[in-house]
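Working notes, beginning with the structure itself.
Per chain, numbering begins at 1; letters A, B, ... match sequence-line order.
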Amino acid sequence: MKYWIIIDRQQAGPFELDSFETIEFGPETPVWHEGLADWTPASEVAELNAILLRRTADNRFGGGDERPDIVVEAVESENVKIDTTPRKRDSGAERNRPSNYLGWAIAATILCCMPLGVVAIIYSASVNSKFDRGDIAGAEKASDTAQWLIILSIVLGLVVMPFQALISLL
Amino acid sequence: MIQFKRIIAVVVAVVAAATAIFVYHSFDPSQSMWFPRCPSKLITGFDCPGCGSQRAVHSLLNGDFAGMMRYNALLLPALLMIGCIGAAKLLQNRYPRFHKAVTGNVAVYSVLAVVLFWAVLRNLPVFKLWLYCQ
């Protein structure tokens, strides 16, 4: 079976199960394989949780503290059920939610006097709804677009300034 | 290195903010040609949601609350909202629900609705007349 995971907001894969022995991932790392309805925390995928638990045990008895975050967070449950129904994202997935730059978008609209700011707010909205739908790549893209629109409106505001002064001189 | 970049960013932001506050406090944008005029206003002739913000900031910094509301009534709510979001970003780890509340879709759509409503309202002749009579 092939697995896809999201590390540092980047989708990676396909991986075979063996590859996970060498991949750094945590219990909250979103994972998907065929048959799952949505990205699922690694700790809820039985075979991956097994790897996590083994690492936890290795760390505990090996005395190394190389992966302290995994030691703390690993879910120690033998019969993890694989939940295939879409569900509310937990705080682990929440950390991957791309910024919607709402504050900047408001600033661009009200302070830079740019209609582009309104477009940025619309993209802000699409960041959240896409992420909630599980379309993480789409949310990332909308987030980037919002960011560029905001940068563009700030830059345009600054660039236009001298020209306007010139116009008002004439 | 990241720490160093952060310090630079904070210093730049503080200096920029201080400069902006000084400039907008000391000079009245409606009396000077050096302040940028709203490009969408120049092109379309309509007031955009941000029109009047510079004069409103000048009024706010000089304690003229009525003037601020007159130039752009949306400025103060917008600044408060930006402040809330900034605070929520800083305290995201401690108050995740607050962060979610001010950046969630309810907040985004509310902002969008208010901005569009304000854009329409302030261009209505009735509203302009009412504002003129104040």
Side-chain angles (χ1 to χ4, degrees), chain A residues 88-133 139 142-143 146 150 152-170, chain B residues 16 20 24 29 32-44 46-54 56-57 72-90 92-93 96-97 99-100 102-116 118-119:
Chain A
K88 283 258 167 210
R89 275 160 200 289
D90 53 28
S91 58
E94 202 53 48
R95 250 177 278 145
N96 292 327
R97 181 187 285 273
S99 173
N100 59 12
Y101 300 105
L102 180 60
W104 289 103
I106 298 173
T109 312
I110 304 298
L111 299 179
C112 297
C113 222
M114 279 286 172
L116 277 179
V118 178
V119 186
I121 297 177
I122 294 171
Y123 274 97
S124 294
S126 105
V127 172
N128 281 346
S129 30
K130 280 187 173 156
F131 187 84
D132 289 335
R133 240 182 288 138
S143 173
I150 291 158
L152 193 67
S153 42
I154 292 172
V155 169
L156 272 181
L158 291 175
V159 166
V160 163
M161 180 158 45
F163 288 104
Q164 284 172 339
L166 207 67
I167 289 171
S168 52
L169 264 183
L170 297 174
Chain B
Y24 279 104
S32 164
M33 64 175 196
W34 291 108
F35 288 88
R37 234 134 286 192
C38 178
S40 42
K41 168 103 178 167
L42 273 182
I43 294 166
T44 65
F46 288 109
D47 284 334
C48 78
C51 282
S53 286
Q54 298 183 88
V57 169
N72 193 342
L74 206 56
L75 180 75
L76 193 62
L79 290 180
L80 290 176
M81 184 69 189
I82 292 170
C84 275
I85 294 172
K89 290 264 178 228
L90 288 177
Q92 184 172 6
N93 288 331
R97 288 180 64 189
H99 179 263
K100 219 177 158 180
V102 293
T103 60
N105 254 1
V106 176
V108 179
Y109 283 121
S110 310
V111 166
L112 190 61
V114 168
V115 166
L116 292 179
W118 176 232

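- Residues B:I85 and A:I106 are in side-chain contact: their nearest non-hydrogen atoms beyond the backbone lie under 4.5 Å apart.
- Between the CD1 atom in A:I122 and the OH atom in B:Y109 there is a gap of 9.0 Å [rounded to 0.5 Å].
- Here B:W118 contributes atom CH2 and A:I110 contributes atom CD1; the two are 9.5 Å apart, rounded to the nearest 0.5 Å.
- Under a 3.5 Å cut-off, the side chain of A:N128 and the backbone N or O of B:V106 do not form any donor-acceptor pair.
- Interface remark: B:P49 contributes backbone and side-chain atoms alike to the contact with chain A (heavy atom separation under 4.5 Å).
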